[in-house]
Amino acid sequence: MEKKIAVINGDGIGPEVTAQSIKVLNAIAEEFGHQFSYTHGLMGAVSIDATGSALPEETLAICKESDAILFGAIGHPKFDNDPSAKVRPEQGLLQLRKELGLFANIRPINTYRSLHHLSPLKSKQLEGVDFIIFRELTGGIYFGKRTLTEDKTYATDECAYHELEIVRVSKMAFQYAQKRRKKLTLIDKANVLETSRLWRRIVQAMAMQFPEVSVDYMFVDNAAMQIIVNPAQFDVVLTENMFGDIISDEASVLSGSLGLLPSASVGKAVAMFEPIHGSYPQAAGKDIANPLGSVLSAAMMLDHFGLVAEANAVREAVNWTLTHAFVTKDIDPINNYGTEAVGDLLADYIRKKHETNEGNNASLNASTII
Ligand code: IPM
Ligand code: MN
C-alpha cells in the first residue's frame, strides 16, 4: 500500500516524539511491504517565528494532498503568558481542524497493569477501565463569536451548535458503541445550557435507531467525579468540544502517564493523528519525552488505513516495551531510556518479531543493552 503522510512536528517535544513514530512506521512499511512517504509542514509557534502565521497556506495544502496527518504538539509559554498576542500557536491547530472538517476527536482511554502504580487511582478502580471519548471538535465555544469591548473590561465567547454538527459526531459514536460494549454516555450540562438540551434531544432521538446501545446521560460536573470514582463504568463517551477537552485531560491521568495517550481526529476527508499531550516545552530537546502517545497515534493511523495487523504489531511493540520496562523518565524516574532509544527498541522489535516470529529479548539486537 502507498500512503502519503503529512508530518507536522509542531512545538516543544513535538519533533522528537514524531520522529519515533516515523521510525516505527518505517519498520512497519519495510516488514509489511508498504510505501509511506512523508511531507513536512510547519504549524504553531515554530511557524509563527518562521513565517508570521500559525498555519501557512503551504502546510494546509500539504495536508489536503495527503492520506493522513501525523501531528506532534502545539504551544509555547511565550504566547501563554501574553494574553495580548495577536497570533497564537493554537490558532493554527483550530484552523486546521476547521478547514479539514475534523469534527470528531477520538480519544481511547485504557490502562496498563504494569503501570497501575503510577496512576493517582487505586489499582482496584483501574480494573476493566477501557473507554473511548468522542469529542466534537469543530463547534461550540471554541468556534463561537468572541467579543471584547474597546476598554477591555467585558468579553464574551459564544457557545453555538447546529443540529447537523451534533448528528454527525453522535452517529459516529453510536456506531462505535455498537462494535464495543454497547453503552454510550452523553456528557452535557442540560440542567443549565440550551446547547446541552439540544444535544440531549438529538441523542435521545438517535438512541431509537440504535436500540441495542444503552444510553445514559450525565452532567459534566458529575462526570468529572465519576471518571475518578468509577471509571470502569464508561464505554463510549460522547460530548461537546469544551467538555471533551477537559474530561479527556482528566481521563488521561488514569493510565499513569499523559505521555501514553493517542488520539485521532476524523471527519470529512483526511484524518489527523496526534498524542493528547501538549508541547511540554521544559522537556524539549532533552531526549526524555515519552514517544508512546505519538506512536500509538500512528497505530490509530494504520487502523484508519485498514492496516489492522500492522496497527496491532505497533501496539504489541508498545506493550512489550512497557512490560520490559524499556520506558522513559515519566514512567520510571530511576531506570529509564531516552526518547530515541525507546523509538529504536520499538522499531527493532517490529523488525525482529516479524522476521523470527518470536518476540523475546534474545532475538533483539544490541539496542536492548543500552
Ligand atoms: C487539545 C488541546 C487543544 C484544544 C489546544 C492546544 C487548542 O488542548 O487538543 O486537547 O484545546 O483542543
Ligand atoms: Mn486539550
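Each residue takes its place number in the sequence, starting with 1.
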Q: Which heavy atom in Asp303 sits nearest to a heavy atom in Ala311, and how many Å separate them?
A: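 That would be OD1-CB, 3.2 Å.
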Q: Can you confirm whether more than 12 heavy atoms, excluding those of Tyr176, are under 6.0 Å from its OH atom?
A: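 It does not: Tyr176 OH has 12 such atoms or fewer within range.
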Q: At their closest point, which heavy atom of Asn336 faces which heavy atom of Thr328, and how far apart are they?
A: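 Scanning both residues, the minimum pair turns out to be CB-C, 3.7 Å.
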Q: Between Thr51 (side chain only) and Ser47 (backbone N and O only), is there a donor and an acceptor less than 3.5 Å apart?
A: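 Yes: the side chain of Thr51 pairs with the backbone of Ser47.
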Q: Quick one: CZ on Phe234 to CD1 on Ile133, what's the gap to the nearest 0.5 Å?
A: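 That separation rounds to 9.0 Å.
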Q: For residues Glu136 and Glu165, report the shortest heavy-atom separation together with the two atoms involved.
A: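 Closest pair (atom of Glu136, atom of Glu165, distance): CG-O, 4.2 Å.
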Q: Return the orientation label for the Phe326 and Trp320 ring planes: parallel under 30°, perpendicular over 60°, tilted otherwise.
A: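 Judged by the thresholds at 30° and 60°, the geometry between Phe326 and Trp320 is tilted.
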Q: If you round to the nearest 0.5 Å, how far is CG of Leu238 from CD1 of Ile187?
A: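 If I round to the nearest 0.5 Å, the distance is 9.0 Å.
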Q: Flag the pair Asp221 and Lys189 as a salt bridge only when some basic side-chain nitrogen lies within less than 4.0 angstrom of an acidic carboxylate oxygen.
A: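 So Asp221 pairs with Lys189 through a salt bridge.
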Q: Just wondering, are more than 12 heavy atoms of other shown residues or ligands nearer than 6.0 Å to NZ in Lys329?
A: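 12 or below, so no.
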Q: Are the side chains of Phe210 and Lys182 in contact, using a 4.5 Å heavy-atom criterion?
A: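 With C-beta onward as the side chain, the pair stays apart.
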Q: Give a yes or no answer on whether the side chain of Ser294 reaches the backbone of Ser21 with a donor-acceptor pair at less than 3.5 Å.
A: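 No, Ser294 side chain to Ser21 backbone: no donor-acceptor pair under 3.5 Å.
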Q: Starting at CE of Met301, measure out to CD1 of Ile69 and round the result to the nearest 0.5 Å.
A: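 Separation between the atoms: 8.5 Å.
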Q: Decide if atom CD of Glu58 counts as having more than 12 heavy atoms of other residues, nucleotides or ligands within a radius under 6.0 Å.
A: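 Count not over threshold, so no.
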Q: What pair of heavy atoms forms the shortest contact from Ala313 to Ile28, and how long is it?
A: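 That would be CB-CD1, 4.0 Å.
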Q: Counting distance only, does the side-chain N/O of Thr185 pair as donor-acceptor with the main-chain N or O of Asp216 below 3.5 Å?
A: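 Not at all, since once roles are kept as given, no pair shorter than 3.5 Å links the two residues.
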Q: Does Ala205 offer a backbone N or O that forms a donor-acceptor pair with the side chain of Gln209 under 3.5 Å?
A: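 The answer is no, because no donor-acceptor pair under 3.5 Å joins these two groups.
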Q: Does Arg181, at its CZ atom, have more than 12 non-hydrogen atoms belonging to other residues, nucleotides or ligands within less than 6.0 Å?
A: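 Yes - once you tally the heavy atoms of other residues, nucleotides and ligands closer than 6.0 Å, there are more than 12.
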Q: Nearest 0.5 Å, what's the OG-CG distance between Ser257 and Asn290?
A: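 Output value for this atom pair is 5.0 Å.
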Q: Check the hydrophobic clustering (I, L, V, M, F, W, Y; side-chain heavy atoms under 4.5 Å; chains of links allowed) and say if Val270 and Leu307 are grouped together.
A: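 Cluster IDs for Val270 and Leu307 differ.
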Q: Would you check if the side chain of Arg146 reaches a backbone N or O of Asp157 as a donor-acceptor pair within less than 3.5 Å?
A: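 Such a contact is absent between Arg146 side chain and Asp157 backbone.
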Q: What's the separation between atom CD1 in Ile166 and atom CG in Leu198, rounded to the nearest 0.5 Å?
A: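 If I round to the nearest 0.5 Å, the distance is 3.5 Å.
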Q: Roughly how far, to the nearest 0.5 Å, is CD1 of Ile202 from OG of Ser170?
A: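 CD1 of Ile202 is found 7.0 Å from OG of Ser170.
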Q: Between Phe36 and Phe305, what is the ring plane arrangement, given parallel below 30°, perpendicular above 60°, and tilted in between?
A: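 The rings of Phe36 and Phe305 sit tilted, inter-plane angle from 30° to 60°.
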Q: Are any of the side-chain heavy atoms of Arg197 and Arg200 separated by less than 4.5 Å?
A: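 They are not in contact (no side-chain heavy atoms under 4.5 Å apart), so the answer is no.
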Q: Do Met300 and Ile22 land in one hydrophobic cluster if side-chain heavy atoms of ILVMFWY residues count as linked below 4.5 Å?
A: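 Both belong to a single hydrophobic cluster.
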Q: Would the number of heavy atoms belonging to other residues, nucleotides or ligands and lying under 6.0 Å from CD of Glu57 be above 12?
A: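 No - once you tally the heavy atoms of other residues, nucleotides and ligands closer than 6.0 Å, there are 12 at most.
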Q: Please answer: with hydrophobic residues joined when any side-chain heavy atoms are less than 4.5 Å apart, are Val169 and Val167 in the same cluster?
A: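 Yes, same cluster.
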Q: What I'd like to find out is whether the side chain of His76 reaches to under 4.5 Å of the side chain of Asp49, using heavy atoms alone.
A: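 No, too far: nothing below the 4.5 Å cut-off.
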Q: For atom NZ of Lys4, is the number of surrounding heavy atoms from other residues, nucleotides or ligands below 6.0 Å larger than 12?
A: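 Count not over threshold, so no.
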Q: For a 4.5 angstrom cut-off between non-hydrogen side-chain atoms, does Asn105 reach Phe134?
A: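 No; the side chains remain at least 4.5 Å from each other.
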Q: Treating Asp287 as the side-chain partner and Glu340 as the backbone partner, does any N or O pair qualify as donor plus acceptor under 3.5 Å?
A: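 Yes; judged by distance alone, with no hydrogens or angles, the pair exists.
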Q: State, yes or no, whether a side-chain contact exists between Val192 and Phe219 at a heavy-atom distance under 4.5 Å.
A: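 Counting from C-beta outward, Val192 and Phe219 never come under 4.5 Å.
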Q: Under 3.5 Å, side chain of Asp11 to main-chain N/O of Ala45, donor-acceptor pair present?
A: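 A pair under 3.5 Å: yes.
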Q: Where the side chain of Lys353 meets the backbone of Ala317, is there a donor-acceptor pair that is under 3.5 Å apart?
A: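 Flag not set: sc Lys353 to bb Ala317 has no pair under 3.5 Å.
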Q: What closest approach, in Å, do Phe71 and Thr18 show between heavy atoms, and which atom pair accounts for it?
A: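 Reported closest heavy-atom pair: C-OG1, 4.4 Å.
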Q: Whether Asp344 and Lys23 form a salt bridge (side-chain N of Lys/Arg under 4.0 Å from carboxylate O of Asp/Glu) is what I want to check.
A: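 Asp344 and Lys23: salt-bridged.
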Q: Run the side chain to side chain contact (heavy atoms under 4.5 Å, CB included) check on Ile331 and Leu322 step by step: do they pass?
A: CA-CA 9 Å; Ile331 292 182; Leu322 290 173; 3.9 Å; yes
Q: In this structure, are over 12 heavy atoms from other groups packed under 6.0 Å from Phe79 atom CZ?
A: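 Enclosed.
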Q: Taking the side chain as every heavy atom from C-beta outward, state whether Thr321 and Tyr349 have any pair of such atoms under 4.5 Å apart.
A: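 No, too far: nothing below the 4.5 Å cut-off.
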Q: Do other residues, nucleotides or ligands put more than 12 heavy atoms under 6.0 Å from Lys171 NZ?
A: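 Result for NZ/Lys171: open.
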Q: Among Gln125, Glu127, His116, which residue meets the side chain to side chain contact (heavy atoms under 4.5 Å, CB included) test with Thr111?
A: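 Of all the options given, the one that passes is His116.
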Q: Counting N and O atoms only, with roles assigned by atom type, does the side chain of Asp82 sit under 3.5 Å from a partner on the main chain of Lys78, one being a donor and the other an acceptor?
A: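 No.
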Q: Run the numbers on Arg201 and Glu163 for salt bridge (charged side-chain N to carboxylate O under 4.0 Å, His left out), then give the verdict.
A: CA-CA 10 Å; Arg201 267 200 301 278; Glu163 180 184 28; over 6 Å; no
Q: Show your reasoning for whether salt bridge (charged side-chain N to carboxylate O under 4.0 Å, His left out) applies to Asp245 and Arg135.
A: CA-CA 7 Å; Asp245 180 45; Arg135 166 189 175 195; 3.7 Å; yes
Q: For Ser297 and Phe273, indicate whether the former's side chain and the latter's backbone hold a donor-acceptor pair under 3.5 Å.
A: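 Absent.
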Q: Determine, step by step, whether Ser114 and Thr323 satisfy the side chain to side chain donor-acceptor pair (under 3.5 Å) criterion, reporting the C-alpha distance in whole Å, the side-chain angles of both residues, the deciding distance to 0.1 Å, and the verdict.
A: CA-CA 6 Å; Ser114 62; Thr323 47; over 6 Å; no
Q: Decide whether Leu93 and Tyr142 are clustered together by the hydrophobic rule: side chain heavy atoms of Ile, Leu, Val, Met, Phe, Trp, Tyr closer than 4.5 Å, transitively.
A: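 In one cluster with Leu93: Tyr142, no.
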Q: Flag yes if Met172 and Tyr161 sit in one hydrophobic cluster, no otherwise; membership is Ile, Leu, Val, Met, Phe, Trp, Tyr, and two members link when side-chain heavy atoms are under 4.5 Å apart.
A: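 Met172 clusters together with Tyr161.
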